[in-house]
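In what follows, a structure is listed as structure tokens, so that the remarks can point back to it.
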Amino acid sequence: METQKIQHKNGKINIILRDRKSGTQEQQSVSTNDHFSVIDEAFAPFIGLHRMKQAMREVYATIMVNEKRRALGMTGSKQVLHMLFKGNPGTGKTTVARCLAKLYHQCNLLSKGHFIEAERADLVGEYIGQTAQKTRALIQKALGGILFIDEAYSLARGGNKDFGKEAVDTLVKHMEDHQHDFVLILAGYPLEMDRFLALNPGLKSRFPFILEFENYNTTQLMEMARQMAAKKEYQLTTDAEWKLKYLLNEKLAEEDWNFSNGRYIRNIMEQAIRQHAFRLMQSGSFTADDLFYLRAPDIQPYDVT
Ligand SMILES: Nc1ncnc2c1ncn2[C@@H]1O[C@H](COP(=O)(O)OP(=O)(O)O)[C@@H](O)[C@H]1O
Ligand SMILES: [Mg+2]
């Protein structure tokens, strides 16, 4: 069953679920004292990220109360939803933003709910005038959905002469014009994002929500590995788990600034699945257990180089 639509009616939240295979629909109503269930459900698949989840509840509360006030004719301007995501690589920024696009669409805050991921090269041109044009075209494409700009600080790379500045100015202009059906999320490393904001005064105040994504600890990363395996109908044996935990602790002890959290785990797990397939082909044994379990030899350190 997957969520198809979330409706707010008479203080109740109705969730319409649909089975993708059979096409059958089912409606669930959530009691009124469970006001945050929509948001909690949407972010339930994410391991850890307690601060993000709490911040999302606050965002959601702000939107809902504003809407209720406006419904009764009280002052309540439509909430600006632009956000800044600060966090190291692999801390879930992109995945959370993608999830948010779907959620906002279900809640009727965005008309289309699509997700566009962009980086410097998608916004910045090579000659005068090209940047504003490129940036405007990208915003146009993102209307009704979320425009997610990764490593946003790279827009400030070359100082005042750089065209990145033009991209920032164009973004700022349009985020106000289109604030009712367009959400801009800028993401990047915490330190670089802070420097970027310092270089562009006036930018920070346009983002009512600033979210920090923390690094994961070993327990959370292990849980992620189990979740990734289960999603593909595999399971790690106890030995495989021990080996993975050992590799993780070793990696974390290196204090490698390059360590990429969730992405590291995903890479190890994808590699393990390939390794598993290769091992089975070599052994020629394909029992249900063979096919299901990822064993210690399948877990290998992952190096980008
Ligand atoms: N809290 C989490 N729970 C489960 N998986 C996660 C979580 N955070 C990250 N991941 C996984 O880690 C990988 C990298 O996450 P991503 O969103 O691309 O990070 P970022 O955009 O911050 O670099 C993805 O495969 C994602 O599914
Ligand atoms: Mg990302």
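First listed ligand is number 1; within each ligand, the first listed atom is number 1. Only a predicted model underlies this, so the values are computations on that prediction, with no experimental measurement involved.
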Starting from the N and O atoms of ligand 1, find every protein N or O within less than 3.5 Å and list the pair with its distance.
unit_1   : atom_1 : unit_2 : atom_2 : d
ligand 1 : 1 (N)  : I47    : N      : 3.2
ligand 1 : 1 (N)  : I47    : O      : 2.8
ligand 1 : 1 (N)  : Y216   : OH     : 2.9
ligand 1 : 3 (N)  : I47    : N      : 3.0
ligand 1 : 8 (N)  : Y216   : OH     : 2.7
ligand 1 : 12 (O) : G262   : O      : 3.4
ligand 1 : 17 (O) : T94    : N      : 3.4
ligand 1 : 17 (O) : T95    : N      : 2.9
ligand 1 : 17 (O) : T95    : OG1    : 2.4
ligand 1 : 19 (O) : G92    : N      : 3.2
ligand 1 : 21 (O) : T94    : N      : 2.9
ligand 1 : 21 (O) : T94    : OG1    : 2.5
ligand 1 : 22 (O) : T91    : N      : 3.2
ligand 1 : 22 (O) : G92    : N      : 3.2
ligand 1 : 22 (O) : K93    : N      : 2.9
ligand 1 : 22 (O) : K93    : NZ     : 2.8
ligand 1 : 23 (O) : G90    : N      : 2.7
ligand 1 : 23 (O) : R263   : NH2    : 2.4
ligand 1 : 25 (O) : R266   : NH1    : 2.8

Side-chain polar contacts of residues 230-240 - donor-acceptor pairs under 3.5 angstrom, sequence neighbours left out - could you list them?
unit_1 : atom_1 : unit_2 : atom_2 : d
T237   : OG1    : A240   : N      : 3.1

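- Inspection of the D290 and S285 side chains reveals an N or O donor paired with an N or O acceptor under 3.5 Å.
- In this structure, D40 pairs ionically with R57, as a charged nitrogen and a carboxylate oxygen lie closer than 4.0 Å.
- Classification of the H82-F207 ring pair by plane angle, with boundaries at 30° and 60°, yields perpendicular.
- With respect to R18 and E26, no salt bridge is recorded, no charged nitrogen being found less than 4.0 Å from a carboxylate O.
- Of the N and O atoms on the side chains of D19 and T24, not one donor lies less than 3.5 Å from an acceptor on the other residue.
- Using cut-offs of 30° and 60° on the angle between ring planes, the pair F213 and F85 is tilted.
- F292 belongs to a hydrophobic cluster with Y293, counting contacts under 4.5 Å between side-chain heavy atoms of Ile, Leu, Val, Met, Phe, Trp and Tyr, direct or through other members.
- For the Mg ion (ligand 2), protein N, O or S atoms under 2.8 Å: 1 in total.
- Side chains of N215 and T91: no donor on one and acceptor on the other come within 3.5 Å.
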